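Here the structure is a predicted model, which means the values were calculated and not measured.
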Amino acid sequence: MANITKRTVDAASKGARDQFVWDDELAGFGLKITPAGSKVYIFQYRQPRPGAARTAPTRRYTIGRHDPLTPDQARKRAREMAALVAQGIDPRASAIEAVAAKDEAKRIEADRKRLESELAFSKIAAVWLDHYEHEKARRPSSLAMARLVVNRYLAPKLASKPLPHITRTDLQPIFDAIPSAKRGTRRAVFAYASILFGWAHKRGD
C-alpha cells in the first residue's frame, strides 16, 4: 500500500505480469502497470448486495491512463465512483448509460440537422414543383400559379423550416396577410399549399 502520487507513479516499474499499487488514502483506488509498461488508474470495488456484501464479486473500473491523467484527477474520479457504489449504483453501468445517453443525443442532433437540410421547405417545394410540372400535362396558367404560390407566398416565410414541422399555425399568417380583395389569390394559395403538403405527406417527408 502507498499513497499514489506522481512520485509513486513515476517510480512504479513493470513486471512479467500486471503489477498493482493500491492507494492507502482511498480504498479501491489503484494503479496498474502492464508488462508493456503502461500505467493505468483503476478503481476496484464490490457492488453491495443485501446480506451478501462479502460474497459480491470484485469489479474493476478503468479510470484512464497516467499522463494525461494526473494522480489527483484520477483520485477525484475514484471518489465519485466510490460515492456511486455507496448509493448502490454500479459505476460501470452508470458509464454505459452515460455513453448511451451521449449516443442518443448525437442521434437526435443528426436527425435535427437532416430535417433542417434535407427536409427544408424550400428544397421539398422545388422537388414538388418539378413533379407537378411533369406529372401530367397541365395548363401554363396552372403551372405559373403553382410557382407564384411557392415563390412569392410560401417560400419567403417557410424557406428553411423543416416541412414536417410546419403546421397550420405557420400557414395561417400567410393566408391572413393576403388582402381580402384578393380572395382568388387567397384561395389559390390555400389550394396549392394543400396539394404540396398532401404530396409531401404521401412521400413521407
Side-chain angles (χ1 to χ4, degrees), residues 43 47 49 59-65 68-69 73 76-77 80-81 83-205:
F43 178 66
Q47 192 65 45
R49 292 185 298 183
R59 298 177 181 178
R60 188 173 293 161
Y61 184 100
T62 299
I63 298 173
R65 293 171 62 96
L69 274 181
Q73 290 171 331
K76 179 181 179 181
R77 181 64 180 131
E80 293 172 353
M81 287 186 281
L84 290 176
V85 173
Q87 298 173 54
I89 301 172
D90 187 340
R92 293 193 304 182
S94 180
I96 292 172
E97 290 175 0
V99 171
K102 188 174 182 180
D103 289 344
E104 178 64 8
K106 288 182 179 179
R107 184 192 66 77
I108 292 173
E109 177 64 12
D111 286 347
R112 183 187 67 79
K113 289 182 177 179
R114 173 177 171 271
L115 283 173
E116 291 181 350
S117 59
E118 297 180 15
L119 301 181
F121 174 82
S122 58
K123 182 172 291 188
I124 300 300
V127 175
W128 173 74
L129 283 173
D130 183 70
H131 166 81
Y132 188 75
E133 181 177 354
H134 296 94
E135 179 188 22
K136 59 183 179 180
R138 298 186 185 279
R139 291 177 300 173
S141 59
S142 180
L143 296 176
M145 181 56 73
R147 296 191 191 97
L148 178 70
V149 167
V150 169
N151 297 326
R152 178 177 296 182
Y153 294 97
L154 301 181
K157 299 294 184 180
L158 308 172
S160 61
K161 190 174 181 68
L163 189 141
H165 290 176
I166 297 173
T167 67
R168 181 61 182 254
T169 302
D170 300 300
L171 294 171
Q172 192 60 50
I174 297 175
F175 302 146
D176 293 343
I178 301 173
S180 57
K182 295 185 176 181
R183 293 181 180 179
T185 300
R186 181 180 293 183
R187 286 196 298 270
V189 172
F190 181 84
Y192 281 97
S194 298
I195 295 171
L196 190 164
F197 282 91
W199 170 83
H201 179 72
K202 290 180 180 180
R203 289 178 74 240
D205 291 327

Check against salt bridge (charged side-chain N to carboxylate O under 4.0 Å, His left out), K157 and D170: CA-CA 9 Å; K157 299 294 184 180; D170 300 300; over 6 Å; no
From CA spacing to verdict: side-chain contact (heavy atoms from CB on, under 4.5 Å), W128, F197: CA-CA 9 Å; W128 173 74; F197 282 91; over 6 Å; no
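Taking CD of E118 as the start and NZ of K123 as the end, the distance is 7.0 Å to the nearest 0.5 Å. Between atom OG of residue S122 and atom CG of residue N151 there is a gap of 10.5 Å, rounded to the nearest 0.5 Å. We find the NZ-CZ distance between K182 and R187 to be 14.0 Å, quoted to the nearest 0.5 Å. Here the CD1-CG distance, from I166 to L154, works out to 8.5 Å after rounding to the nearest 0.5 Å. Of the inter-residue distances, the one linking L129 atom CG with L143 atom CG reads 9.0 Å to the nearest 0.5 angstrom.
Distance alone, capped at 3.5 Å, is enough to place a donor-acceptor pair between the H134 side chain and the D130 backbone. Here the side chain of T167 pairs a donor or acceptor atom with the backbone of T169 at under 3.5 angstrom. Looking at R186, its side chain does come within 3.5 Å of a backbone N or O of I178 through a donor-acceptor pair. With R60 contributing its side chain and F43 its backbone, the two residues share no donor-acceptor pair below 3.5 Å. S194 contributes a side-chain N or O that, together with a main-chain N or O of F190, makes up a donor-acceptor pair within less than 3.5 Å.
Counting heavy-atom neighbours within 6.0 Å of R152 CZ, excluding the residue itself, gives a total of 12 or less.
Under 4.0 Å is where a charged nitrogen must lie from a carboxylate oxygen, and between R77 and E80 at least one such pair does.
A donor-acceptor pair shorter than 3.5 Å cannot be found between the side chains of T185 and Y153.
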